[in-house]
Amino acid sequence: MLKVYNTMSRKKEDFHPLEKGKVSIYCCGVTPYNDPHIGNARPFVTWDAIRRYFAKKGYEVKYIQNFTDVDDKIIAAAKREDVTWREISDRYIEAYFKVMDDLNIHHADLYPRVSETMEDIISMIQTLVNKGFAYVLGNGDVFYDVTKDEHYGKLSGRKLDDNEAGARIEIDGRKHHPMDFALWKSAKPDEPFWPSPWGKGRPGWHIECSAMSLKYLGEKFDFHGGGADLIFPHHENEIAQSQAAIGDENSFAQYWLHNGFITIDHEKMSKSAGNFFTVKEILEKYSGEVVRFFLLQTHYRSPLDFSEDRIKEAQTAYSRLATSKDYLFDLIKKMDSGDVGFGGMGSTAITVSKAGGLAEMAERLLTLFYDAMDDDFNTSLAISHMFELSKEINIYYNEIMNSGVSGINQISESDAKIIYRVRDVYMEMAGIIGIFEKAVKAVDENAEFKLIDDLMEIIIANRQAAREAKNWAIADDIRDKLKAAGIILEDTAQGVRWKRA
RNA sequence: GGCGAUAUAGCCAAGUGGUAAGGCCGAGGUCUGCAAAACCUCUAUCCCCAGUUCGAUUCUGGGUGUCGCCUCCA
């Protein structure tokens, strides 16, 4: 049974989908006004792993993620650069996709934008006004009236009176209650605007997510997610306005999931504080898969400190897993190309299966992997099971490579089947974590990679000749130069392996 | 001030009422022309105090530390 931690109840709950076999997810997206930073990446990587997991379990997943493309910060950026707000939002939406693609993040089923959802937003505000949950000021501003909402504060656990004490914001005297929030803002000069029953203006923050999720997922859907800082006020307000508009306090999202923050030197990273790393700059030194792996090595709700040391560590750990993957594919490549002489029926009978234990281990670890994911998507624990399988694969690989006089010629047919199965298990785990996709694809589908593959064979063969002549200077020189070029050679008792750094 | 998290080895990080996964780093070893990779061995009693219990790191209460939200923020 899948359990998820629901912020609403502050505990883990059994997950029951609203509709059998289907999962609907709304994840708060970004306001596209600058390059996404590593903190932005966390929720999207998290949700990507979650939806991959649901898909793997056979659910039909519907995943919606918005772009808040009408916003103060976008307008401000546009003014700074003397371009239109749309240029800014288009530019950074593009930047968003570029970076997320590098992180192997599957695209959402839909990326609604505020600017394209205006009618729905306006009609929702109208409903709230009609029902008496919102009031219109003389200048055309519309506010949500929190005092009309007896359930207000149920997600964040806040009471209306508690919030005033330490609030450092200047209270807008036109509001009926300090916690009232804007649904519609009348346009100031030089600002983009849309016509509405209350005059020219644009939506306030919060209402867009309500309108979009209801439009595309209906009055009830399974998950709503985002960063922990969105709990209040953003999600609180979404709940308030949505449930008020629908008239059902059990409507809207059923499970609220919030990821923890990324910190830099244990301080919260934030754009305003200036202590942030964009994903782009991290990707200059580390692959998207490593960044992704780094994020998933910690449970999504825990805080996560980012630093050069941490990401380096993740890269080393990732390489370890990748080595086992390479071992498996190496074995299979040899088997498929006929380098492996199968023992045939006669010799199979006298060959003790070396892979038997591995097969058992793989199945057990796969089960544990799923158990971990079932426990509130514990990718950290799930990955640890992958490491255990990795070790078993390495042991088997070394054993089989060291067993024959001429390398691997000891694989019985039954063991071969096991190797394929272990490959599938290992790649299934990797597929949920979302790693080993670029490299695998590259070899299969990329002609240039095939070429490099062939070239490497030539280089290695020549270097081997030098080694046989004990010309270590040339052999080492070739290895050093390849390393400088980004290719690592490993001389083993069973032959030479190469991989990209 | 209100609300909410969290405290596990040198570092990172899971987890359980019955003496603690995994990763990184470090030490020694196997293999090896060297290097690398891989493998083997070694490295914790879980912030403090009190309580519940046969037994708590795991539950309860208190304390302390750290972090976050209450203002745009993933």
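Order of the sequence lines fixes the chain letters, A, B, ..., with proteins taken first and strands second; residue numbering starts at 1 for each chain. Basis for what follows: all heavy atoms, side chains included, without hydrogens, waters or symmetry-related copies.
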Tell me whether the rings of [X] and [Y] are parallel (<30°), tilted (30 to 60°) or perpendicular (>60°).
{"X": "A:F387", "Y": "A:F293", "result": "perpendicular"}
{"X": "A:Y327", "Y": "A:Y397", "result": "parallel"}
{"X": "A:H37", "Y": "A:F276", "result": "tilted"}
{"X": "A:F221", "Y": "A:F252", "result": "perpendicular"}

Distance check needed: [N] [atom2] versus [X] [atom1], whole Å only.
{"X": "A:N259", "N": "B:rU6", "atom1": "CG", "atom2": "C1'", "answer": "16 Å"}
{"X": "A:K175", "N": "B:rU71", "atom1": "NZ", "atom2": "C1'", "answer": "11 Å"}
{"X": "A:L321", "N": "B:rG23", "atom1": "CG", "atom2": "P", "answer": "9 Å"}
{"X": "A:H266", "N": "B:rC11", "atom1": "NE2", "atom2": "C1'", "answer": "10 Å"}
{"X": "A:D371", "N": "B:rG15", "atom1": "CG", "atom2": "C1'", "answer": "14 Å"}
{"X": "A:I75", "N": "B:rC72", "atom1": "CD1", "atom2": "C1'", "answer": "13 Å"}
{"X": "A:Y152", "N": "B:rC70", "atom1": "OH", "atom2": "P", "answer": "12 Å"}
{"X": "A:F232", "N": "B:rU71", "atom1": "CZ", "atom2": "P", "answer": "7 Å"}

Problem - Side-chain donor-acceptor pair present, A:T46, A:N259, cut-off under 3.5 Å - result: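 No, A:N259 and A:T46 have no side-chain donor paired with an acceptor closer than 3.5 Å.
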
Any base atoms under 4.0 Å from [X], or only sugar-phosphate, or nothing? Heavy atoms, all strands.
{"X": "A:F261", "result": "base"}
{"X": "A:M269", "result": "base"}
{"X": "A:G225", "result": "nothing"}
{"X": "A:H385", "result": "nothing"}
{"X": "A:K268", "result": "base"}
{"X": "A:A317", "result": "sugar-phosphate"}
{"X": "A:G226", "result": "sugar-phosphate"}
{"X": "A:S302", "result": "sugar-phosphate"}

Handout entry: Approximate separation, where rounding is to 0.5 Å, of A:N34 CG and A:Y96 OH
Key = 13.5 Å

Problem - Most 5' of A:C28 and A:S384 on RNA chain B, judged by nearest nucleotide - result: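 Of the two residues, A:S384 wins.
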
What is the base-pairing partner of [N], counting Watson-Crick and G-U wobble geometry with both distances under 3.5 Å?
{"N": "B:rC69", "value": "B:rG2"}
{"N": "B:rA56", "value": "none"}
{"N": "B:rA21", "value": "none"}
{"N": "B:rA7", "value": "B:rU64"}
{"N": "B:rC39", "value": "B:rG29"}

Problem - Reading 5' to 3' through nucleotides 34-40 of chain B, protein heavy-atom contacts under 4.0 Å coded B for base, S for sugar-phosphate only, - for none - result: BBBSSSS

Handout entry: Distance-only donor-acceptor test (3.5 Å): side chain A:R158, base B:rC69
Key = yes

Exercise for the section: Would you kindly check whether a donor in the side chain of A:S380 faces an acceptor in the base of B:rA14, or vice versa, at under 3.5 angstrom? Expected result: no

Proximity to the side chain of [X] - top-ranked nucleotide from [options]:
{"X": "A:E313", "options": "B:rG23, B:rC11, B:rC3", "value": "B:rG23"}
{"X": "A:E267", "options": "B:rG68, B:rC72, B:rC12", "value": "B:rG68"}
{"X": "A:N378", "options": "B:rC69, B:rA14, B:rA5", "value": "B:rA14"}

Practice task
Check A:F181, A:F232, A:W184 against A:H206 for a ring-ring contact (aromatic ring centres under 6.0 Å, His included) and give me the one that passes.
Solution key: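 One option only clears the test, and that one is A:F181.
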
Fill in the blank from the handout: From the list A:H224, A:H234, A:H235, ring-ring contact (aromatic ring centres under 6.0 Å, His included) partner of A:H258 resolves to A:H235

Problem - Row check, A:F294 ring normal vs A:R310 NZ/CZ: under 6.0 Å, within 45° - result: no

Problem - Check: A:F223 ring centroid to A:F54 ring centroid under 6.0 Å - result: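 They qualify: ring centres under 6.0 Å apart.
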
Problem - Among A:I105, A:L295, A:L103, A:V279, side chain to side chain contact (heavy atoms under 4.5 Å, CB included) partner for A:F44 - result: A:I105

Handout entry: Contact under 4.0 Å: A:K312 side-chain N or O vs B:rC12 OP1/OP2
Key =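 No, outside the criterion.
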
Close N or O pairs between protein and nucleotides 25-30 of chain B (under 3.5 Å):
none

